[in-house]
*Asks:* 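Supplied in structure tokens, the structure appears directly below.
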Amino acid sequence: MLNPALIDLLACPRDDSPLVTDAEQLKSKGGQAVYPLLGGIPFLFAEPGVALDEWRGRYHARLQQVAEEIRRLQETLARDDLHALTRKRLEDSVSALTVHIDELKTLLEPLDVTHLTADHTTYLALRTRLPEDQGLETYYANLHRDWCWGDEENARSSELVQAALAGHDVGKLLVLGAGGGRLAYDLHQAASPELTVALDLSPILLLTAKHVAAGETVSLTEFPIAPRDMASAAVPRELRSPESAAPGFELVLANALRPPFRPGSFNTLLTPWLADVIGASLADQAARWNQLLAPGGQWVWFGSHAYRDADPVQCLSLEESAAIIADAGFSEPEITEAEIPYMVSPASRHGRRERVVVMRMTKTTDVAAPARHVALPDWLVKSDLPVPSAEYFRVQAAQTRIHAFFMALVDGQRTIGDMARLMEEQRLMPAAEAEGTIRNFLIRMYEDSRGYSTF
Ligand SMILES: C[S@@+](CC[C@H](N)C(=O)[O-])C[C@H]1O[C@@H](n2cnc3c(N)ncnc32)[C@H](O)[C@@H]1O
């Protein structure tokens, strides 16, 4: 049963019309657009079918990948030259990964993968479809920080944001890119907003947040980047919140760049560790966030300020960020900085300290709404439009043909020298030149293949 106070704020991410509930889903007023609930969380992507298929694909691919990892470990365990400790470590990894598959299946059961049967090889071939920067378990480590060992980090973050909000009415709070949801939860418990909406695009993060905020315990193995010792390589963790969230703590799965809310819905908007990773210019974000705020509403930026972009114009300094925000209908940001621990897992040798930025600004004027954000062109989203023959695709196609030719030469017998002579016989390249080219190509294939096969 969805909270009516949340439904009142929702708008169709396609045409901005209000949404209404209809059994276990949400509908635009005219009924043209239908949005499901995923494990009870509104799934408000503009193309919900495509987004659901994508997440299912990533989920299925991840399960296949873990199963493949287990298979390789078992293959290695068949060797008789392993040190006893190495054998134990590998056996422990097999057990932990087997448990992890079950954990993922339990948590992501709402994604329902039963109709997907593509095997591991198919997913490898398709991997360009799944952006590396937002796979199924991207930011998975945040869940353990949020709901298990991160008391100090969580408290410092919450204190800094609360200090910025002190003396200002929070009203209705929207947290964009809420991740595992801890900061949104802490603010909801401490600052008593009228309503807190935590939005993210990752199902694994928000499904976990939903369970723990309801007072349930979620079992999830932690795999630290740099385990302290053998026992730390895979640590069974119990994720839980200090207490159930007070009423009015709501979750929404959606793209923040297509925020599914009516204009002026919120009094406070928080973007924790989001603005410099979201992949949209700050000017574009500021204009979008301006639209979401009621007159006099406030925006709090929190987190790292680390712009890395191929476009040098977008590699912003703090001064430029403040000026861009003030130009988008906000007051001059009030800026504070503090050094806090960041992702310091007790099981890992890896951990950071970050000099974080907190900026608070008040909306002073309405600005024009930016154009609707388009993540993918129509021909990728719809199945009945021709795929354009772009220059990039033509180059890729030519490269793929050359790669296929090289790969066809690999028969388990030929040497690099044999292949180079064949290239010369076919008048494709002089043998001396072909040798280097083939070697470089095979080095790349060999390095790509490491982790998937043994030579
Ligand atoms: C660096 S993490 C920060 C997570 C959380 N705020 C925290 O401090 O732990 C960035 C978060 O933004 C989310 N995110 C990135 N792009 C997004 C988008 N376009 N819409 C919604 N969420 C997004 C990611 O899924 C991730 O949870």
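Atoms within each ligand, like the ligands themselves, are counted from 1 in listed order. Values below: every heavy atom of this structure, side chains too, minus hydrogens, waters and symmetry copies.
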*Asks:* Using a 4.0 Å cut-off on heavy atoms, what residues surround ligand 1? Order them by chain and number.
*Replies:*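 Within 4.0 Å of ligand 1, protein side: Gln134, Tyr139, Asn142, Arg145, Gly177, Ala178, Gly179, Leu199, Asp200, Leu201, Leu205, Ala254, Asn255, Ala256, Pro272, Trp273, Leu274, Ile278.
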*Asks:* Suppose we screen for side-chain contact (heavy atoms from CB on, under 4.5 Å). Which residues come up paired with Val313, at least two apart in sequence or across chains?
*Replies:*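 In terms of side-chain contact (heavy atoms from CB on, under 4.5 Å), with neighbours along the sequence ignored, Val313 is linked to Asp311.
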*Asks:* For residues 196-222, which residue pairs qualify under ring pair (Phe, Tyr, Trp, His ring centres under 6.0 Å), counting only residues two or more places apart or in two chains?
*Replies:*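 Pairs touching residues 196-222 that pass the test: none.
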*Asks:* Output all residues satisfying side-chain hydrogen bond (donor to acceptor under 3.5 Å, both in side chains) with Glu334, sequence neighbours left out; order by chain, then residue number.
*Replies:*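 Here the qualifying residues are Arg360.
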*Asks:* Take the angle between the ring planes of Tyr140 and His144 and call it parallel below 30°, perpendicular above 60°, tilted in between.
*Replies:*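 Correct class here is perpendicular.
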*Asks:* Only one of Glu222, Arg145, Arg228 forms a side chain to side chain donor-acceptor pair (under 3.5 Å) with Ser345, so which one is it?
*Replies:*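 Of the listed options, the one satisfying the test is Glu222.
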*Asks:* Any non-hydrogen side-chain atom of Leu37 less than 4.5 Å from a side-chain atom of Gln25?
*Replies:*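 Contact flag for Leu37/Gln25 side chains = no.
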